[in-house]
Amino acid sequence: MPSLRQLALALPLALGPLLACDGDGDSGTDDVGTEDSGDSTGGATDTGTGTETGTGTDTTTEGTDTTDTGTDTTTGGSNDPAAQACEAFANATPEPVIAALTAGEAATATLVSGSDVVYLVTLPEGAAGFVSLEIPEWETTQAFFTVADIDYTVTVVDNSLVAQPRQPDAACPEAGITDQRIYFPHWTPALIEFSATGPREVALMIIREPA
C-alpha cells in the first residue's frame, strides 16, 4: 500500500494533463463563435425592413391645359373698327396711292375696304383728287378714317348710300382721326373726291363695320 508521501508526489503528475487542457485558466468558451460578436452584429444592422425614402412620389407634370383660348388678337385687340384704326394709324406702314386728276380716271387709283391697310393718298397740287373704292360686300356699313383737316366726299352712281356725320375717333380722340360710317345698300363702285385745298398727302382707312 502506497504511503502518504508517495500519494502526495503522484497527485501533481495526475492533474497536469487536465490543467494543460485549460491553457492559461480560461475556460475556452472564447472559441465557440463569440469572437468579435460586436463587429458581427454591427455589420448586420441592415434589417431589410425597406425604409428606403424613395416613396415613388409622381412628379410628372399634371397635364396643365395650355390650349389657346381663342382670345381675339386682331389689330387693337378688338373687332371695333375705331380701335383698329387707332392702332393702324399709329403703327402700320401705309400703302401709297396716287390720286387721279379726274373722276373718269379714278379707276387707276383703286382702294379696297379692309381691316389692315392704311392708304397714303397723294393728291395733285392745287386740284381735287379722285380715287375709286371697291366694297367686297353690299348691304354693309363702312367706317372711313382719316385726319380732321382733310375734306372728302363719297358718292355712288344711284346715290343710294346713307352717310352719317364725321366725328372724332372715340377710341383715340386725341389722335385727330375722324370716324364716318356710311351704309352701302347695293354692291356698286364708289367714288371718293378729295378737296383741292388742304394737305396733299392723305392717310385713309376703310373698315367694314361688324354686322
Side-chain angles (χ1 to χ4, degrees), residues 72-211:
D72 184 13
T73 57
T74 54
T75 303
S78 169
N79 285 327
D80 177 25
Q84 294 181 36
C86 291
E87 178 71 17
F89 269 69
N91 300 308
T93 301
E95 182 174 321
V97 175
I98 299 177
L101 288 170
T102 66
E105 299 172 330
T108 62
T110 300
L111 313 184
V112 180
S113 171
S115 62
D116 57 356
V117 179
V118 178
Y119 292 100
L120 184 62
V121 183
T122 300
L123 304 176
E125 289 293 338
F130 300 86
V131 298
S132 66
L133 172 63
E134 292 185 3
I135 300 173
E137 298 175 272
W138 59 295
E139 293 186 345
T140 60
T141 297
Q142 304 293 326
F144 289 73
F145 299 95
T146 187
V147 292
D149 53 354
I150 296 297
D151 291 327
Y152 67 89
T153 303
V154 182
T155 58
V156 293
V157 173
D158 61 3
N159 199 31
S160 60
L161 57 75
V162 179
Q164 299 176 14
R166 290 173 68 179
Q167 58 186 359
D169 188 329
C172 52
E174 73 286 350
I177 302 170
T178 61
D179 177 352
Q180 183 179 29
R181 308 297 169 102
I182 300 178
Y183 176 67
F184 294 83
H186 307 297
W187 184 90
T188 180
L191 180 71
I192 304 176
E193 178 181 353
F194 295 96
S195 172
T197 60
R200 297 293 86 190
E201 286 190 336
V202 178
L204 177 66
M205 190 174 192
I206 306 100
I207 306 174
R208 176 187 170 178
E209 184 179 275

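One-based numbering along the sequence shown. Here the structure is a predicted model, which means the values were calculated and not measured.
When every heavy atom of Gln180 is checked against every heavy atom of Ala163, the shortest pair comes out as NE2-CB, 4.0 Å. What you find for Pro199 and Leu123 is that their closest heavy atoms are O-CD1, 3.8 Å. Taking both residues in full, the closest heavy atoms of Pro81 and Arg208 are given as CG-O, 4.0 Å, listed atom of the first, atom of the second, then distance. When all heavy atoms of Met205 and Ala85 are compared, the pair lying nearest together is SD-CA, 4.0 Å. When all heavy atoms are compared, the tightest approach of Phe130 to Ala109 is O-CB, 4.2 Å.
The shortest distance between side-chain heavy atoms of Tyr119 and Thr146 does not fall below 4.5 Å. With a 4.5 Å cut-off on side-chain heavy atoms, Val112 and Val117 do not count as touching. For the pair Ser132 and Pro189, the minimum side-chain heavy-atom distance is 4.5 Å or more. Using a 4.5 Å cut-off on side-chain heavy atoms (C-beta onward), Ile192 and Leu204 make contact. A heavy-atom distance below 4.5 Å is not found between the side chains of Thr122 and Pro96. With contacts defined as side-chain heavy-atom distances shorter than 4.5 Å, the pair Glu193/Thr155 does not qualify. No side-chain heavy atom of Phe144 sits less than 4.5 Å from a side-chain heavy atom of Arg181.
Atom CD1 of Ile98 has 12 or fewer neighbouring heavy atoms from other residues, nucleotides or ligands inside a 6.0 Å radius.
Each of Thr141, Val162, Val156 was scored for a side-chain contact (heavy atoms from CB on, under 4.5 Å) with Phe184, with one residue passing: Val156. Exactly one of Asp80, Asp179, Asp169, Asn91 qualifies for a side-chain contact (heavy atoms from CB on, under 4.5 Å) with Cys86. That residue is Asp169.
By the 30° and 60° cut-offs, the orientation of the rings of Phe194 relative to Tyr152 is tilted.
For the atom pair CZ of Arg166 and CG of Asp151, the computed distance is 6.5 Å after rounding to the nearest 0.5 Å. Between atom OH of residue Tyr183 and atom CG of residue Leu161 there is a gap of 11.0 Å, rounded to the nearest 0.5 Å. Separating the CD1 atom in Ile150 from the CZ atom in Arg200 is a distance of 7.5 Å, to the nearest 0.5 Å. Interatomic distance, Glu134 CD to Ile206 CD1, rounded to the nearest 0.5 Å: 11.5 Å.
Using modelled atom types, one finds a donor on one side chain and an acceptor on the other under 3.5 Å when comparing Thr140 with Gln142.
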